[in-house]
> 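The structure is given below, and queries will be raised subsequently.
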Protein chains: 2
Amino acid sequence: MPAIAHELPHHAPDITDWFGGGPDERLRLGNTNSITTERTVDAHEHLYLEGQRQTHVYLLLEGVVGRYKLLPDGRRQIVSFSYPGDMIGLDCPERHVDSAEALDRVRVRTIPFNAIDRLMTTEPGFGQALLRVAAAELADSREQMITLGRKSASEKLAGFLVRIANRNASIGEDPDTITLPMKRSEIADFLGLTIETVSRQFTRLRTARIIHLSSSTHVQVLDADRLQAIADGDDA
Amino acid sequence: MPAIAHELPHHAPDITDWFGGGPDERLRLGNTNSITTERTVDAHEHLYLEGQRQTHVYLLLEGVVGRYKLLPDGRRQIVSFSYPGDMIGLDCPERHVDSAEALDRVRVRTIPFNAIDRLMTTEPGFGQALLRVAAAELADSREQMITLGRKSASEKLAGFLVRIANRNASIGEDPDTITLPMKRSEIADFLGLTIETVSRQFTRLRTARIIHLSSSTHVQVLDADRLQAIADGDDA
DNA sequence: CGTTCTCTTGAGATCCCTCAACACCTGTGG
DNA sequence: CCACAGGTGTTGAGGGATCTCAAGAGAACG
């Protein structure tokens, strides 16, 4: 993200400038702080449900949130996993288009939706910041679409692990030590697979000595190059 | 779209208010008209390519545009088909995240990217309008993700036809008379299938007397209810 | 130390893909 | 007018990746 941010033309304010997510907390509006509140959500609780009227937007401060859509018969597609720093629930027009569930204990800053509207008209850079958030999310969705539509099970899981490793690196953590906050069923519903297939792909990576699994949620990447190669489909 | 628009709170200006796409063309900025230009693009030509620096945004006036991403080995995922009234290429940060190709002869209004930036700061409702466009696109992507990840081939194709029928209805045309501007290969790459599977699903709908095919691009819906049922997975 | 949830592994079934042939359409040129 | 070529769509046969169903092993928790 920083790698992208500094490429932007002119002054490119970040969304966290307004809601105090970053270290250089500015809180430009005197009353912004008063209308936003902090909230803790336990694992398996929902921030909102699909179809509900959108009242707040959430800035994720801590924990991981899964956002999903359901089909009438119960089939589920997880459309994204959100991490600290991500904006959640900006689903205009008006009603939420997905449900958001905390995967572990989560801390969010809740922002009333009308405050968004107001900030957009009064604060110069705010609209751009918001649009950049939406565009990043859109780019992410598109990336996931090619994964869902055109990649094999092994490419999907390897790519999934690579993305987490890259995220780790970007926040200064060890890219090869991965702690998965989600269950196999959630990985499956994110990648468009079944639990069994996900489990088999994990086993395949483990027996090929590409990863080590000290527990089902604790992944140690042993051969990042081969993992990347599998993710890219360079796999015989 | 109108069904959604009138639900919106306050005054909800549409993006076409600024670029003269609608009948109540306002052109609020005297010089907006001068910096935007109209352009015609032939079938199979590209508006832009993935990875290119974003210089313009396009308002589609006529024709259909396919937007796609490629994998290194040539596999393709079409992420959306854009119709008149749609905004194309708002892919900040800075570089296009997909390629946009005209499926037939296309007319667009091109808007320099820096004009977007300027309008957002000077025009009160413009940011909201743009954000609404982005949010609608995001909702669309998410819908497509559940299609790609969790639906069967028959559900995918039936759902695809239903969506086109609904679009027809929304612009006042006959929902049951569908002219497909895209080839089988493009439908396949949109739905995450192969051409053969798409073709077989068409045949299946035809032999079940749910549709009639006067040509490969001309679909007559004979039983909209059963088509909808198949799209919803209510299919034994 | 059961109970429950989760994960893994196996065997078989199935949906969709791959490969291949052929039909259709259109335009071109003999 | 026909032959031919190239692009596109359809259909068939067979194979394979993933799903389904089922059982058992691990882990978490009271």
Side-chain angles (χ1 to χ4, degrees), chain A residues 42-44 66 71 73-77 101 103-105 147-158 160 179-208 211-219 230 233 235-236, chain B residues 43-44 66 71 73-77 101 103-104 147-158 160-161 178-208 211-219 230 233 235-236:
Chain A
D42 280 333
H44 312 303
L71 290 176
D73 62 3
R75 282 176 287 178
R76 178 175 66 164
Q77 179 66 47
E101 179 184 355
L103 299 191
D104 47 15
R105 175 165 285 255
T147 297
L148 291 169
R150 287 296 177 222
K151 290 190 182 175
S152 69
S154 56
E155 289 171 303
K156 283 175 176 177
L157 186 64
F160 177 68
T179 303
L180 298 170
M182 67 290 283
K183 301 181 292 192
R184 294 289 184 268
S185 64
E186 290 159 340
I187 298 175
D189 284 343
F190 181 60
L191 297 177
L193 300 169
T194 58
I195 342 177
E196 295 94 328
T197 299
V198 170
S199 183
R200 275 185 253 269
Q201 292 303 327
F202 267 115
T203 303
R204 207 167 145 268
L205 292 175
R206 180 167 49 74
T207 54
I211 62 171
H212 173 75
L213 287 166
S214 58
S215 82
S216 67
T217 59
H218 220 89
V219 182
I230 292 174
D235 189 26
Chain B
H44 312 301
L71 291 176
D73 62 3
R75 280 176 289 177
R76 179 175 65 163
Q77 179 66 47
E101 180 185 354
L103 299 190
D104 48 16
T147 296
L148 290 169
R150 286 295 176 225
K151 290 190 183 174
S152 69
S154 56
E155 289 171 303
K156 283 175 177 176
L157 186 65
F160 178 67
L161 293 176
I178 294 174
T179 303
L180 298 170
M182 66 291 283
K183 301 180 293 191
R184 294 288 183 269
S185 64
E186 290 160 339
I187 297 174
D189 283 344
F190 181 60
L191 297 178
L193 300 168
T194 59
I195 358 176
E196 296 93 327
T197 299
V198 170
S199 183
R200 275 185 253 269
Q201 293 302 327
F202 268 115
T203 303
R204 206 165 147 268
L205 292 175
R206 180 167 49 73
T207 54
I211 62 170
H212 173 75
L213 287 167
S214 57
S215 82
S216 67
T217 59
H218 221 91
V219 182
I230 293 175
D235 190 27

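Chain identifiers are assigned alphabetically (A, B, ...) following the order of the sequence lines, protein sequences preceding nucleic acid strands; residue numbering begins at 1 within each chain. Quick caveat: nothing in here was measured; it's all calculated off a predicted structure. Atoms considered below: every heavy atom in the structure, side chains included; atoms not considered: hydrogens, waters and symmetry mates.
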> Mind checking what makes side-chain hydrogen bond (donor to acceptor under 3.5 Å, both in side chains) contact with Thr197(B), not counting sequence neighbours?
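Only Thr194(B) meet the side-chain hydrogen bond (donor to acceptor under 3.5 Å, both in side chains) criterion with Thr197(B).
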> Residues two or more places apart in sequence or in another chain: which of them pass side-chain hydrogen bond (donor to acceptor under 3.5 Å, both in side chains) with Gln77(A)?
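Expected list: none.
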> Kindly write out the residues that satisfy ring pair (Phe, Tyr, Trp, His ring centres under 6.0 Å) with Phe160(B), not counting sequence neighbours, or none if the list is empty.
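Applying ring pair (Phe, Tyr, Trp, His ring centres under 6.0 Å) to Phe160(B) gives Phe190(B).
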> Please report the distance, rounded to the nearest Å, between CG in Leu205(A) and P in dT8(C).
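Interatomic distance, CG of Leu205(A) to P of dT8(C): 12 Å.
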> Please enumerate all residues that pass side-chain contact (heavy atoms from CB on, under 4.5 Å) together with His218(B), with sequence neighbours excluded.
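Listed in chain order: Thr177(B), Thr179(B), Ser214(B), Ser215(B).
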> If I take atom CG in residue Asp189(B) and atom P in nucleotide dC16(C), what distance separates them, rounded to the nearest angstrom?
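To the nearest whole Å, that distance equals 16 Å.
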> Calculate the interatomic distance between Arg75(A) atom CZ and dC15(C) atom P; express it in whole Å.
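Taking CZ of Arg75(A) and P of dC15(C), I get 13 Å after rounding.
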> When you check every protein heavy atom under 4.0 Å of nucleotides 8-21 of chain D, what one-letter string (B, S, -) results, 5' to 3'?
SSBBBB----SSBB
> Got a sec, which residues hit salt bridge (Lys or Arg N to Asp or Glu O under 4.0 Å) with Arg150(B), two or more places apart in sequence or on another chain?
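So Arg150(B) forms a salt bridge (Lys or Arg N to Asp or Glu O under 4.0 Å) with Asp189(A).
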> For Glu155(A), give me all partners under side-chain contact (heavy atoms from CB on, under 4.5 Å), at least two apart in sequence or on another chain.
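In terms of side-chain contact (heavy atoms from CB on, under 4.5 Å), with neighbours along the sequence ignored, Glu155(A) is linked to Lys151(A), Ser152(A), Arg75(B).
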> Applying the side-chain contact (heavy atoms from CB on, under 4.5 Å) test to Arg204(A), which of Arg200(A), Gln201(A), Arg206(A) qualifies?
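Among Arg200(A), Gln201(A), Arg206(A), the one that satisfies the side-chain contact (heavy atoms from CB on, under 4.5 Å) with Arg204(A) is Gln201(A).
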> Restricting to side-chain contact (heavy atoms from CB on, under 4.5 Å), what partner residues turn up for Ile195(B), sequence neighbours left out?
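So Ile195(B) forms a side-chain contact (heavy atoms from CB on, under 4.5 Å) with Arg184(B), Ser185(B).
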> Do any N or O atoms of the protein come closer than 3.5 Å to N or O atoms of nucleotides 26-30 of chain D, and which pairs are they?
none

